Amino acid sequence: MRQYLSSNMIVLVPQAEIDAAVQLLLKLKVDYKQMTGQDYKAGCPPSENLIVSNNGPAADDCDGEDLVDPWNVSASSTKGVDYDKLIVRFGSSKIDKELLERIEKVSGQRAHHFLRRGIFFSHRDMHQILDAYEKHKSFYLYTGRGPSSEAMHVGHLIPFIFTKWLQDVFDIPLVIQMTDDEKYLWKDLTLEECHRFTVENAKDIIACGFDVNKTFIFSDLDYMGASPQFYRNVVKVQKHVTFNQVKGIFGFTDSDCIGKISFPAIQAAPSFSSSFPQIFGGKKDVPCLIPCAIDQDPYFRMTRDVAPRIGLLKPALLHSTFFPALQGAQTKMSASDPNSSIFLTDTPKQIKNKVNKHAFSGGKDTVEEHRKYGGNTEVDVSFLYLTFFLEDDEKLEKIKEDYTSGALLTGELKKILIETLQPMIAQHQERRKQVTDEMVQQFMTPRPLNFKF
Ligand code: TRP
C-alpha cells in the first residue's frame with residue numbers, strides 16, 4: 001500500500017490521475033477490510049488470518065460484481081461488463097471526447113471506428129504520448145498474443161486491427177510479443193506445441209497487414225535467450241516486485257509454479273525501449289504505447305508501478321472492451337468453446353450456421369411482438385458484432401433504428417451480420433495464404449526497423 005502511494009503520489013500529476021488514485025485508494029481500503037476484517041491503518045500490518053481472495057483485489061466477484069482478470073471475464077448483467085465501473089476500479093481514465101479530438105488533431109486522421117464507438121474506451125497517459133508526438137518526439141507500439149492454440153477467432157483480431165491503424169497513422173515501430181512461455185506455464189501443452197502456435201498465429205497477425213519494415217514479432221522462447229538487454233530488463237523487474245505484490249495483483253497462491261509467479265516480469269519487459277537495442281540503438285527513453293484488451297491491465301499496472309523505481313518510463317495504454325461470445329455479452333469469445341466463436345478458419349457455411357444458431361438475440365419471441373415492441377440492440381450479439389465490423393456509421397445507425405422500432409427482424413439482422421463476416425473472413429484467409437514461412441522468419445528476425453525519430 002505504502003509503496004503504491006510513494007510511487008504514484010508525486011507532484012505535478014494531472015488532476016484526473018489524482019482523482020483516479022483516490023478512487024483506487026478508497027477501493028483498496030474496502031478490499032483490505034473485506035480480506036482482513038480490519039480497518040486499514042497506515043503502517044500497521046493486518047494482525048493474522050489474512051484471507052487472500054483468489055483473484056486479487058482487482059477482480060473481486062462478490063456481490064454481483066463483474067469478474068475481470070487475465071484469465072477470466074464474466075459479467076453480472078446481460079449487457080456485459082460495466083466498463084465505467086471498471087475504469088474506477090482499475091484507476092484508468094475514460095477516452096472522452098476531448099481525447100478523441102486530440103487524437104484526430106495530432107494524427108490528422110478521423111478516429112478509427114473502434115475509438116468513435118467506445119470499443120477502445122479507457123487509457124493511461126495517452127495525453128502524454130500525444131504531447132510528446134506534437135513535439136516531434138516519437139513513440140513505439142507494443143502488443144501481444146498468447147498462442148494457446150492454432151485456432152484464432154475474430155475477437156483476437158481486434159487489438160491487431162487497431163494497432164495496425166495506429167502504426168499507419170503515426171508511422172511508428174511496433175513490437176509484438178508472442179508469449180509461448182506463458183501458455184506453456186499455464187496450459188497442458190508442450191514447449192514444441194506452444195512454439196508452433198506462435199508461428200501459426202504470427203501468420204494470422206501478419207495477414208492483418210503490418211509493415212515488415214516497421215514490425216518486430218518475437219517468441220519469448222526464442223528472444224529471451226537471444227537478447228541480453230531484454231533479459232536484463234526482466235531481471236530488473238523481478239528484483240523490484242515481491243511475491244506478495246503479484247499475489248495481490250494476479251491472485252497467485254503458494255501452489256502456483258514459480259514460472260507463473262515470475263512471468264509478469266516477462267510481459268513487462270517489452271514496455272521498455274532498452275529491451276530492443278537492435279531497434280532503438282540502446283535508447284532507454286522512447287515512450288511506449290500498449291493497445292490491449294482491458295483484462296491485460298494488471299500486467300501493466302505492475303509495470304507502471306516498477307518503471308520509475310528501475311529508472312525507466314511508464315508505458316501508456318489504450319484499453320479495449322471484450323469481444324462478446326456468440327451466446328451473449330456476459331462473457332468473452334473463447335477459443336476453447338467452438339460454439340462461442342467465429343474462427344478465422346470458418347467457412348461461409350459455418351459462419352452462417354453459427355450466427356443463426358447461437359448468436360444471442362435481443363429480439364422478441366414472436367414476429368408480432370417484435371413488430372410491436374422492437375428489439376434490444378444493447379444485448380443483441382449480432383448488433384454488437386456489427387459495431388465492431390460494420391464501418392459505415394450511417395448504415396449502423398439505420399440498423400439500430402430499424403431494429404429498435406421493430407421494422408427489422410432478428411433473422412434479417414443476422415443476415416446482415418453473416419454478409420458482413422463472410423467476405424471479411426474470406427479476405428483474411430486469402431491474405432493468410434500469401435504469408436510464407438520466409439515472411440514469418442523476416443518479421444521474427446531481430447533487426448533495425450525503418451523509422452525516423
Ligand atoms: N498475455 C497476453 C495473452 O495471453 C499476451 C500479451 C503479451 C499481450 N504481451 C501483451 C497482450 C501486450 C496485449 C499487450 O494473450
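For this chain, numbers begin at 1 and follow the sequence in order. Note that ligands are numbered from 1 as they come in the structure, with each ligand's atoms numbered from 1 the same way. None of the values given here were measured: they were computed from a predicted structure.
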Could you tell me which atoms of ligand 1, counted from 1 in the order shown, lie closer than 4.0 angstrom to a heavy atom of Q177?
7 (C), 9 (N)

Give the residue and atom name of whichever protein heavy atom lies nearest to atom 9 (N) of ligand 1, and the separation in Å to one decimal.
Y142 OH, 2.9 Å

Please report the closest heavy-atom contact between F121 and I294, naming both atoms and the distance.
CZ-CD1, 4.0 Å

What do we get for R145 next to ligand 1 when only non-hydrogen atoms under 4.0 Å count, side chain, backbone, both or neither?
backbone

I need the atoms of ligand 1 closer than 4.0 Å to a non-hydrogen atom of I290, numbered in the order shown.
14 (C)

Nearest 0.5 Å please: distance from the NE2 atom of H112 over to the CD atom of E391.
6.0 Å

State the atoms of ligand 1, each with its element, that fall below the 4.0 Å cut-off from a heavy-atom position in K183.
4 (O)

T179 contact mode with ligand 1 (heavy-atom cut-off under 4.0 Å):
side chain

Between R117 and D393, is there a salt bridge with N-O shorter than 4.0 Å?
yes

Which of the numbered atoms in ligand 1 are below 4.0 angstrom from a heavy atom of E182?
1 (N), 2 (C), 3 (C), 4 (O)

Which heavy atom of the protein is the closest neighbour of atom 14 (C) of ligand 1, given with residue, atom name and distance?
G144 N, 3.5 Å

Plane angle bin for F276 and F280 - parallel if under 30°, tilted between 30 and 60°, otherwise perpendicular:
perpendicular

Protein heavy-atom partner closest to atom 2 (C) of ligand 1 - residue, atom, separation in Å:
Q296 OE1, 3.3 Å

Does this structure show an ion pair linking E101 with K97, if we count only N-O contacts that are shorter than 4.0 Å?
yes

Thinking salt bridges, do D305 and K314 make one under a 4.0 Å N-O criterion?
no

Can you classify the ring geometry of W71 versus W186 as parallel (below 30°), tilted (30 to 60°) or perpendicular (above 60°)?
parallel

Quick one: does M178 get within less than 4.0 Å of ligand 1, heavy atoms only?
no

Identify the protein heavy atom lying closest to atom 15 (O) of ligand 1, giving its residue, its atom name and the separation to 0.1 Å.
G146 N, 3.1 Å

Under 4.0 Å to a heavy atom of C292 - the qualifying atoms of ligand 1, by number:
13 (C), 14 (C)

Should the proximity of F263 to ligand 1, defined as any heavy atom under 4.0 Å, be assigned to the side chain, the backbone, both, or neither?
neither

How about F252 and F263: are their ring centres within less than 6.0 Å of each other?
no

Do the ring planes of F250 and Y299 sit parallel (below 30°), tilted (30 to 60°) or perpendicular (above 60°)?
tilted

